[in-house]
Amino acid sequence: MSVRATAARRNLHRIIVSHGGVIALLFAAQFVIGAYYHLSLTRVMVLATFAVGYNILFGYTGLLSLGHALFFGAGLYGAGIAATQFGVGASGAFVVGIAAGLLLAFALGLIILRTAGVAFMIVTMMFAQAGYLLVLYFGTYTRGDEGFVLKGALREAHLFGFSLNLADPVTRYNLALFLLAACVVGCIALVRSPVGRVLVAIRENEERSRMLGYNTFRYKLFALTLSGTICATAGAAYALLFAYVGATFASIEYSILPLLWVLLGGIGTVLGPVVGTLLMFYLVDVASSYTSAYMLVVGIVLLILIVWAPGGLLGTLRERKIGWLP
Amino acid sequence: MDFGPYLFLAFLEGTVTAAVLALTAVGLSLVFGVMRIVNVAHGEFFMLGAVFAWWCTSLISGYPALGFLAALIVAPLLVGAIAMVSERLILKRLNYNPEGTIVATIALLYIIQQLALIGYGPDARPVEAPITFRIVFPWFGYAGYKLVVVAAAAALLLATWFVLTRTRLGLLMRATQYDRETALAFAIPVDRVYAIVFAVGAMLAAVAAVLIVPIQQAHYLMGNDPLLLSFIVVIIGGLGSIKGTVVAAIVIGMSDGIISVFMTPTLAKIIATLLVAMVLVWRPQGLFGQTAR
């Protein structure tokens, strides 16, 4: 066996052990922590899925979107409205939410990928703002800022003859963990695949990738659609697991937060978004117990990161020590 | 009231909106034009102007006109100083990288807004107008102060135009905008020009806010709408083109009053936002702008 093949195999082992270790750690955590942290860790895992999805576009393809709340919101409202207005049940609503995000990301991608750089950032922000305003405009169905709750039979999911009680904390925790683990594994598979390599090539130098014969538009559209779909999945899961759908989740704040989580954890690393979400969530949690101006923390951390540590935690770590991190 | 006078009232209100919007948007446009960065915190400089104006007038109570005059000078200076410090400490370090500066100004937006929430509180507070006379039309009375706002805004816009086209500082700004490298080669202190431009942009927003605050009240979230509207105006008017910005501000400010007669504000905002996004997709240089070199 050649030296390179051995190194590649060793790296794969390391990746499986480290990432599997983090997931196992999250699984074990539920037996140790108290009820409050149990609930917030469930929340963090769903939001981390959102961040993992955002990172596919931002971290690996190099497209900075300021409008991913739109996709999270599409999943959230797709699932929420399908469940309450059309009576499709929890698992049906989940599928509707994902489909809504997929279609929206694909259709929007055809339009917004004509722009790049600063124009892309503003256009995504504008579309997300329009989406947020639409939620407020159709207040009769969405109940606007106040939002609506899912109750009764909607707290039960039926799948292949099994019945899951979504109101039960343990079920909820493990469903969220399963979702996150699936996305992390999928993300590793993606970035190690030829497609993932092309996405990174586009991030590093789009012109050159095009010169090499890759249809960069198609790859970017794929990345945006995948990213939007994962974010919508997180949104749909959020609606069904926590039984609440509100306009805040479609607001600009939820477009900035995934950017912050990814920047904090490490751009273009699979676990970075998870670490970033976890840290930021607790930071905001602690800050909001002292002051109502907890968004101040968000601003300060964002500023420190962009000025002094643009690589984030795991990004810096990868640069210094562990080059094999995907 | 008949339709004619009603339209006249909408026209007057539209003129006031357009005047204030033009000032704010020219600030944003100047920063984008010369420095090539998008300042998302621009709305917060507007808000700070209003908050400082309230602070000034509450210090000098009893003489609304005196307090207001003080505010008109002190508030923009304070905001300009804050802007200059943040430019030196943050944007300069980022080397004016377009994407990095957007994220940094978003961070700045949250920091300024939340500090205002801590220091000033969540309430909306009124500022007394410096003059109280009313102009009596045959159909309705109209606050004379609003016309003063229009006149002041027009004067300030003229002054900005004068500085840009007729003074040495304006020449340096235009040279920097035209070609940064060459400007540097000709020993223009580009670094200092950037700091001044960023401060002046913020000061224009602040002065617009001081003018409008007797009509609108000061609130820590009041920067959001001017930011969105300025974005729209700057994009429609052509990124970095001052003339286009003023024209677009007048068109949008005027139509804002008329559109809101026919549509709910939310629907009007949705349509405006989508239109602007479409303009950016298909004509990134703006409707009146020239193709970037």
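We use all heavy atoms of the structure for the numbers below, so side chains are in, but hydrogens, waters and symmetry mates are not. Predicted model only: the values in this text are computed from it and were never measured. Throughout, a chain's letter reflects where its sequence line sits, starting with A, and its residues are numbered from 1.
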List the atom of [X], the atom of [Y], and the distance in Å for their closest heavy-atom pair.
| X | Y | answer |
| --- | --- | --- |
| B:T273 | A:Q129 | CG2-CB, 4.1 Å |
| B:L94 | A:V307 | CD2-CA, 4.1 Å |
| A:A130 | B:L274 | CB-CD2, 3.7 Å |
| A:I306 | B:G100 | CG1-O, 3.7 Å |
| A:G299 | B:Y110 | CA-CB, 3.9 Å |
| A:L303 | B:A104 | CD1-O, 3.8 Å |

Go through the atoms of [X] and report whether side chain, backbone, both or neither lie under 4.5 Å from a heavy atom of chain A.
| X | result |
| --- | --- |
| B:V103 | both |
| B:V281 | both |
| B:I270 | both |

Does [X], at its [atom1] atom, have more than 12 non-hydrogen atoms belonging to other residues, nucleotides or ligands within less than 6.0 Å?
| X | atom1 | answer |
| --- | --- | --- |
| A:R143 | CZ | no |
| A:R210 | CZ | yes |
| B:R88 | CZ | yes |
| A:F106 | CZ | no |

For this session: Assess whether side chain to side chain contact (heavy atoms under 4.5 Å, CB included) is satisfied between A:L66 and B:V40, documenting all intermediate values.
Result: CA-CA 12 Å; A:L66 290 178; B:V40 185; 5.9 Å; no
[X] [atom1] to [Y] [atom2] distance, which is reported to the nearest 0.5 Å:
| X | Y | atom1 | atom2 | result |
| --- | --- | --- | --- | --- |
| B:L267 | A:L136 | CG | CG | 12.5 Å |
| B:L280 | A:I111 | CG | CD1 | 13.0 Å |
| A:L296 | B:I118 | CG | CD1 | 5.0 Å |
| A:M126 | B:F231 | CE | CZ | 6.5 Å |

Seminar exercise, completed: Ranked by heavy-atom pairs below 4.5 Å to chain B, first place among A:L64, A:I256, A:I252 goes to A:I256
For this session: Tell me, out of B:I106, B:I232, B:L108, B:T105, who's got the most heavy-atom pairs with chain A below 4.5 Å.
Result: B:I106
Using non-hydrogen atoms and a 4.5 Å limit, figure out which bit of [X] sits close to chain B: side chain, backbone, both or neither.
| X | value |
| --- | --- |
| A:M121 | side chain |
| A:L259 | side chain |
| A:L113 | neither |

